[in-house]
Amino acid sequence: MAENGTDCEQRRFGLAKEQHNGRFQDSLLSERKKRDIEERQSIVLWRKPLITLQYFFLETLINLKDWSIKLWHRRRMVVFFLLLLVILSVAYYIEGAHQQGPHIASVTLAAYECNSVNFPEPPYPDEIICPDEEGTEGAISLWTIISKVRLEACMWGAGTAIGELPPYFMARAARLSGVETDDEEYAEFEEMLEHPQTAQDFATRAKLAVQNLVQKVGFLGILACASIPNPLFDLAGITCGHFLVPFWTFFGATLIGKAIIKMHIQKLFVIITFSKHIVEQMVSLIGIVPSIGPSLQKPFQEYLEAQRKKLHHKVDSGLPQSENWLSWAFEKLVIIMVFYFILSIINSMAQSYAKRLQQSKLSVEKTK
């Protein structure tokens with residue numbers, strides 16, 4: 001009996017020791033992951049320019065090699081998409097109804113100026129000019145403009161719905177394969193699910209709220225998240241993929257929410273914001289600002305006047321187009337945004353290569 005008691009105590013002691021060692025190893029691994037993430041995030045052009053550029057070029061070479069191999073194995077699909085791209089390019093450059101820019105805002109401004117939405121075709125929608133016959137003052141209503149831009153706005157919403165599919169497919173594939181994904185957003189999502197009680201900041205609590213809504217309510221929860229301007233909707237896609245929500249349940253709710261409900265909300269906001277009386281009030285309010293108000297008001301007035309003149313002349317009339325500092329500042333803002341986007345790509349690829357090195361080092365240590 002004494003020997004049996006001693007054996008039981010030894011087994012319990014050994015089991016407790018193994019559990020302690022396991023928790024200790026998990027703690028060390030978690031700390032190491034945090035250190036690795038901090039180390040990768042420090043690899044940016046403004047802190048470590050030489051290392052960042054070196055890692056960027058090495059990661060580019062690795063990706064080019066991997067993509068070349070994958071594309072060669074799928075060469076039939078590549079040829080198909082190349083042909084499709086050629087057809088779309090030809091269709092784009094053929095004269096027709098193409099337009100770049102804020103279409104809804106342009107139509108709203110033009111409708112109030114022309115007192116009509118019967119813009120000549122062509123050149124509409126490539127260019128908006130007032131029809132020859134003058135419209136009746138006050139004939140334009142909110143519903144008239146909504147009806148004019150409904151198709152374009154619906155296509156815009158459908159495009160944003162399609163853009164939500166990559167997070168869904170990534171999370172679904174990771175869950176089905178059981179393989180640890182390299183996506184840090186998905187890893188953060190899994191950690192948040194494992195330790196929901198550690199959520200302290202507002203952003204994490206908001207993410208948990210979205211995750212709980214989608215998981216518990218299903219189709220209606222996805223529809224609710226997709227129907228309002230929601231910067232956290234990517235998390236809804238990851239949640240649906242992680243919990244293996246059927247594709248048509250996710251995409252159907254997302255398409256209805258974004259292409260119908262949210263589209264009308266955003267369309268109404270743009271139309272109301274760019275209505276004639278609202279724009280004129282905003283310009284007049286700018287002039288009230290002490291000292292700098294009149295100087296700021298002038299370029300806005302010049303821009304609106306230029307747009308009105310543009311709406312009342314034909315395309316081939318040859319009227320000179322003046323440029324004020326407002327459009328110049330907007331162009332420079334776009335250039336800065338593009339430059340920042342390029343910098344973010346360089347930093348991201350450099351950090352991906354640093355992650356490769358960390359994973360390689362970890363695998364070597366495990367084999368020892």
Side-chain angles (χ1 to χ4, degrees), residues 88 91-163 227-229 255-286 299-317 319 321-324 326-327 329-331 333-334:
L88 292 175
Y92 178 81
Y93 286 105
I94 291 176
E95 290 188 7
H98 316 300
Q99 192 212 24
Q100 297 178 353
H103 179 70
I104 299 175
S106 300
V107 170
T108 302
L109 291 171
Y112 282 105
E113 179 63 25
C114 304
N115 292 313
S116 172
V117 291
N118 298 319
F119 310 123
E121 296 188 28
Y124 176 82
D126 186 54
E127 183 176 349
I128 300 176
I129 57 174
C130 291
D132 293 332
E133 62 278 5
E134 293 186 4
T136 307
E137 185 73 27
I140 295 300
S141 65
L142 191 66
W143 182 253
T144 306
I145 303 174
I146 288 175
S147 301
K148 183 68 175 178
V149 298
R150 180 178 289 114
L151 178 62
E152 294 86 346
C154 184
M155 294 298 103
W156 165 41
T160 61
I162 294 172
S227 299
I228 58 174
L255 186 64
I256 294 171
K258 287 187 174 290
I260 298 178
I261 302 175
K262 182 183 175 184
M263 174 270 290
H264 278 91
I265 296 173
Q266 292 178 316
K267 183 168 63 172
L268 279 170
F269 175 78
V270 173
I271 291 174
I272 292 172
T273 303
F274 284 88
S275 296
K276 184 177 181 180
H277 61 285
I278 297 291
V279 173
E280 290 177 350
Q281 286 179 4
M282 289 172 60
V283 174
S284 63
L285 287 174
I286 292 173
F300 281 100
Q301 290 175 333
E302 291 176 352
Y303 175 77
L304 291 175
E305 186 61 30
Q307 294 305 307
R308 290 192 181 101
K309 290 180 179 179
K310 186 177 179 182
L311 292 169
H312 286 287
H313 76 268
K314 299 294 184 182
V315 181
D316 56 352
S317 62
L319 293 179
Q321 299 295 319
S322 59
E323 182 182 26
N324 57 25
L326 190 65
S327 57
F330 181 75
E331 289 178 1
L333 177 63
V334 172

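Numbering of residues begins at 1 and proceeds along the displayed sequence.
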When every non-hydrogen atom of A259 is compared with those of A158, the smallest separation belongs to CB-N, 3.7 Å
I'd like to know if the side chain of K262 reaches the main chain of G257, judged simply by a donor and an acceptor atom lying under 3.5 Å from each other, with no hydrogens or angles considered. no
V270 and V149: CA distance, side-chain angles, deciding distance, side-chain contact (heavy atoms from CB on, under 4.5 Å) verdict: CA-CA 11 Å; V270 173; V149 298; over 6 Å; no
Report the distance from atom CD1 of I256 to atom CD1 of I261, rounding to the nearest 0.5 Å. 7.5 Å
Gap between atom CD1 of I265 and atom CD1 of I228 - 0.5 Å precision: 8.0 Å
Working to the nearest 0.5 Å, report the span between NZ of K267 and OG1 of T108. 10.0 Å
Output for pair (K148 NZ, I271 CD1), nearest 0.5 Å, gives 12.5 Å
Taken to the nearest 0.5 Å, the spacing of I162 CD1 from K258 NZ works out to 12.0 Å
What distance separates T160 OG1 from M263 CE, expressed to the nearest 0.5 Å? 10.0 Å
Are any side-chain N or O atoms of T144 and backbone N or O atoms of I140, one a donor and one an acceptor, separated by less than 3.5 Å? no
Geometric cation-pi criterion, R150 with W156: 6.0 Å, 45°: no
